[in-house]
Visitor: 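Okay, here's the structure, questions in a sec.
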Amino acid sequence: MTDIAKTDELFFTRAGLDRSRVEGVVSDALGNADDGELFLEYEQSESFVFDDGQLKNASFDTSQGFGLRAVAGETAGYSHSSELTEAALNRAGETVKAVQAGHGGTTADGPAQTNRSLYVEDNPLSLAPFETKVKLMEDIDAYARGLDERVRQVSTSISGSWQAVQIIRADGSRAADIRPLVRLNVSCVVGDGDRMESGSYGTGGRETYETYLHPDTWHFAAEEALRQALVNLESVPAPAGEIPVVLGPGWPAILLHEAIGHGLEGDFNRKKTSAFSELMGERVAAPGVTVVDDGTLDDRRGSLTIDDEGTPTQRTVLIEDGILVGYMQDRMNARLMGVPATGNGRRESYAHAPMPRMTNTVMENGDHDPEEILKSVKKGLYAVNFGGGQVDITSGKFVFTCTEAYMLEDGKVGAPVKGATLIGSGPDALKTVSMIGNDMELDPGVGTCGKDGQGVPVGVGQPTMLLDELTVGGTEV
């Protein structure tokens, strides 16, 4: 059964909507619009938290609703409801007509169709019983506590969701997608005397719980959380000043996502509020730096078969060998900028209008061995994991906190440091990249991106790379 047929079962057979009448409402509501769509959504989600050796929280939620959008020029009208009825749709239709008053648009052609599937469609919530999930967390707790006598506290959480969407356009064309998503997190607190430190590890993707129930997966998660906690237990105060910084592979690309990626989204560049505005075709990074946004990677947290406007996702080259060559586009900004949509129109739920958002944002491999990069640094910082950060899209300035970092001295990895922050400007930082490794890794599948109050799952990735100079904030000068 196709995704359209499966979602027809949810939205028309079960909900009782008449498909032809719904299509008529959409066609009438968008009669004078340049673009727009009806977004139907059904989602089941659950989460479990295990702490202090016992199940502390378990939740399950089912939600459904629709969002109707009409786009006229640079203006969009949006109306949404959790009530899947023809009456609610008619009210929404009358609301979005307001932005079309006096506008004589010709509705844009819909996106191309696709038959590909990037992930399983099985509902992870129904494939593993409640008892199995609780037993998993009990086993992780016992295993982590048995790894080291210094373990003081273990916390585990698992979560899953199953989202079905159907998108209907004014011409009656339809697209649909069924999206699973799961995540496992483990955190450990260790103590030695009066000193306590913590570490954590998370993993996830667009699949069922099967992978995460396997001992190899959760053993590694527990061991990695403990390893990071023990590293922090031995950490010394971080240095401060402008020094070379080596970023490790994988998750450290969250800095790339925040400091660079947001600035390459279409809406910021159309409005000329990005640090990268009007730089198309110009050098914005060091030679060798190639950055892509790829929503087509199998099973990845940030991947989508189609975006939330119905456009198939793609591999979009943003920076090629240091030259800015592309932006990430939804349909509205692409039309206004005179370029094709790239499958980056995303929304948190039916209650939100779509906007340009990242999927999996990755820096591609260079040709240096990671050990060669580390050995080239006489005195610097090796940043392996990151926590939170902030970025200003207009200037590109960022501040990121390292959760795992080490001193580099005479080409050797030295003592772990605590309290290091990286401070700089995304565009400036890219120009200081002097060595790029050949060890590109994707993150383990835990990213969530926030923009304008909306959160969506994303992925990042990069190889080891050296930035010749970056400001490090710490407590030692």
Side-chain angles (χ1 to χ4, degrees), residues 3 6-7 10 39-49 57-65 116-130 132-133 136-137 156-167 175-186 200-214 217-218 221 251 254 257 293-308 312-313 343-352 354 357-361 442-451 454-461:
D3 285 353
K6 291 177 181 178
T7 55
L10 286 170
F39 180 84
L40 298 165
E41 179 188 21
Y42 175 86
E43 183 175 38
Q44 293 181 349
S45 60
E46 67 180 8
S47 65
F48 302 85
V49 177
N57 180 271
S59 64
F60 176 85
D61 183 61
T62 299
S63 63
Q64 65 179 19
R116 73 182 179 195
S117 181
L118 301 176
Y119 30 77
V120 300
E121 298 174 353
D122 297 328
N123 186 343
L125 282 64
S126 62
L127 296 181
F130 176 86
T132 300
K133 298 161 191 171
L136 169 64
M137 293 186 290
T156 303
S157 65
I158 57 174
S159 60
S161 65
W162 185 81
Q163 180 196 41
V165 304
Q166 186 173 132
I167 298 153
D177 198 16
I178 296 176
R179 306 163 176 170
L181 189 67
V182 298
R183 178 170 169 171
L184 167 69
N185 279 82
V186 182
S200 62
Y201 180 81
T203 182
R206 291 200 178 277
E207 48 190 331
T208 66
Y209 286 121
E210 183 178 4
T211 299
Y212 308 92
L213 292 169
H214 196 282
T217 302
W218 59 262
W251 180 244
I254 190 63
H257 167 103
D293 186 83
D294 192 346
T296 70
L297 305 176
D298 287 347
D299 302 326
R300 298 303 303 179
R301 181 174 171 85
S303 295
L304 295 168
T305 300
I306 57 172
D307 71 4
D308 294 324
T313 55
N344 289 93
R346 304 190 63 187
R347 64 183 98 200
E348 179 178 321
S349 74
Y350 68 86
H352 304 84
R357 305 293 299 272
M358 285 171 273
T359 57
N360 303 297
T361 309
L442 297 172
D443 77 286
V446 296
T448 297
C449 172
K451 177 180 175 181
Q454 295 191 42
V456 296
V458 294
V460 297

Visitor: For R116 and L304, work out which heavy atoms get closest and say how close.
Guide: NH2-O, 3.9 Å

Visitor: In terms of side-chain heavy atoms, does H214 have a donor or acceptor partner in T211 at a distance below 3.5 Å?
Guide: no

Visitor: Can you tell me how far apart CD (Q44) and CG (L125) are? Round to the nearest 0.5 Å.
Guide: 6.0 Å

Visitor: Report the residue from T7, D177, D3 that forms a side chain to side chain donor-acceptor pair (under 3.5 Å) with Q166.
Guide: T7

Visitor: Under 3.5 Å, is there a donor on one side chain and an acceptor on the other for S303 and N360?
Guide: yes

Visitor: Given side-chain contact (heavy atoms from CB on, under 4.5 Å), test V120 with T208 step by step and report yes or no.
Guide: CA-CA 8 Å; V120 300; T208 66; 4.1 Å; yes

Visitor: Please report the interatomic distance CD(E121) to CD1(I178), rounded to the nearest 0.5 Å.
Guide: 4.5 Å

Visitor: Identify the two heavy atoms, one from Y209 and one from A128, that lie closest to each other, and give their separation to 0.1 Å.
Guide: CD1-CB, 4.2 Å

Visitor: Going by the rule side chain to side chain contact (heavy atoms under 4.5 Å, CB included), which residues pair with Q64 if we only count those two or more places apart in sequence or in a different chain?
Guide: Y42, L84

Visitor: Taking all atoms of both residues into account, what is the closest heavy-atom pair of S349 and F39, and its distance?
Guide: C-CE2, 4.2 Å

Visitor: Between the side chains of Y212 and E207, does any donor sit under 3.5 Å from an acceptor?
Guide: yes

Visitor: Would R346 and V458 count as a side-chain contact (heavy atoms from CB on, under 4.5 Å) if you check the C-alpha gap in whole Å, the side-chain angles of each, and the deciding distance to 0.1 Å?
Guide: CA-CA 11 Å; R346 304 190 63 187; V458 294; 3.7 Å; yes

Visitor: Looking at CD1 of I254 and NE2 of H257, how far apart are the two atoms once the value is rounded to the nearest 0.5 Å?
Guide: 5.0 Å

Visitor: Which is it for W251 and V460 under the side-chain contact (heavy atoms from CB on, under 4.5 Å) test, yes or no, and what are the steps along the way?
Guide: CA-CA 6 Å; W251 180 244; V460 297; 3.9 Å; yes

Visitor: Of all residues at least two apart in sequence or in a different chain, which pass the side-chain hydrogen bond (donor to acceptor under 3.5 Å, both in side chains) check with Q163?
Guide: E41, R179

Visitor: Go through the steps for D61 and E43 under the test side-chain contact (heavy atoms from CB on, under 4.5 Å), then give the verdict.
Guide: CA-CA 8 Å; D61 183 61; E43 183 175 38; over 6 Å; no

Visitor: Quick one: does Y201's side chain get under 4.5 Å of V186's, heavy atoms only?
Guide: no

Visitor: Once you round to the nearest 0.5 Å, how far does CG of N57 lie from OG of S157?
Guide: 10.0 Å

Visitor: Return the OG1 to CG distance between T203 and D443, rounded to the nearest 0.5 Å.
Guide: 8.5 Å

Visitor: Tell me if a side-chain donor or acceptor on R183 pairs with a main-chain N or O of V446 at a distance below 3.5 Å.
Guide: yes

Visitor: Just by distance, no angles: are the side chains of T448 and R301 close enough, under 3.5 Å, to form a donor-acceptor pair?
Guide: yes

Visitor: Which distance, rounded to the nearest 0.5 Å, do you find between the CZ of R357 and the CG of D308?
Guide: 10.0 Å

Visitor: Which heavy atom of P124 sits nearest a heavy atom of P180, and at what distance?
Guide: CD-CB, 3.9 Å

Visitor: Looking just at side-chain N and O atoms, do D307 and T313 make a donor-acceptor pair shorter than 3.5 Å?
Guide: no

Visitor: Which of these passes side chain to side chain contact (heavy atoms under 4.5 Å, CB included) with Y119: D298, T305, L181?
Guide: T305

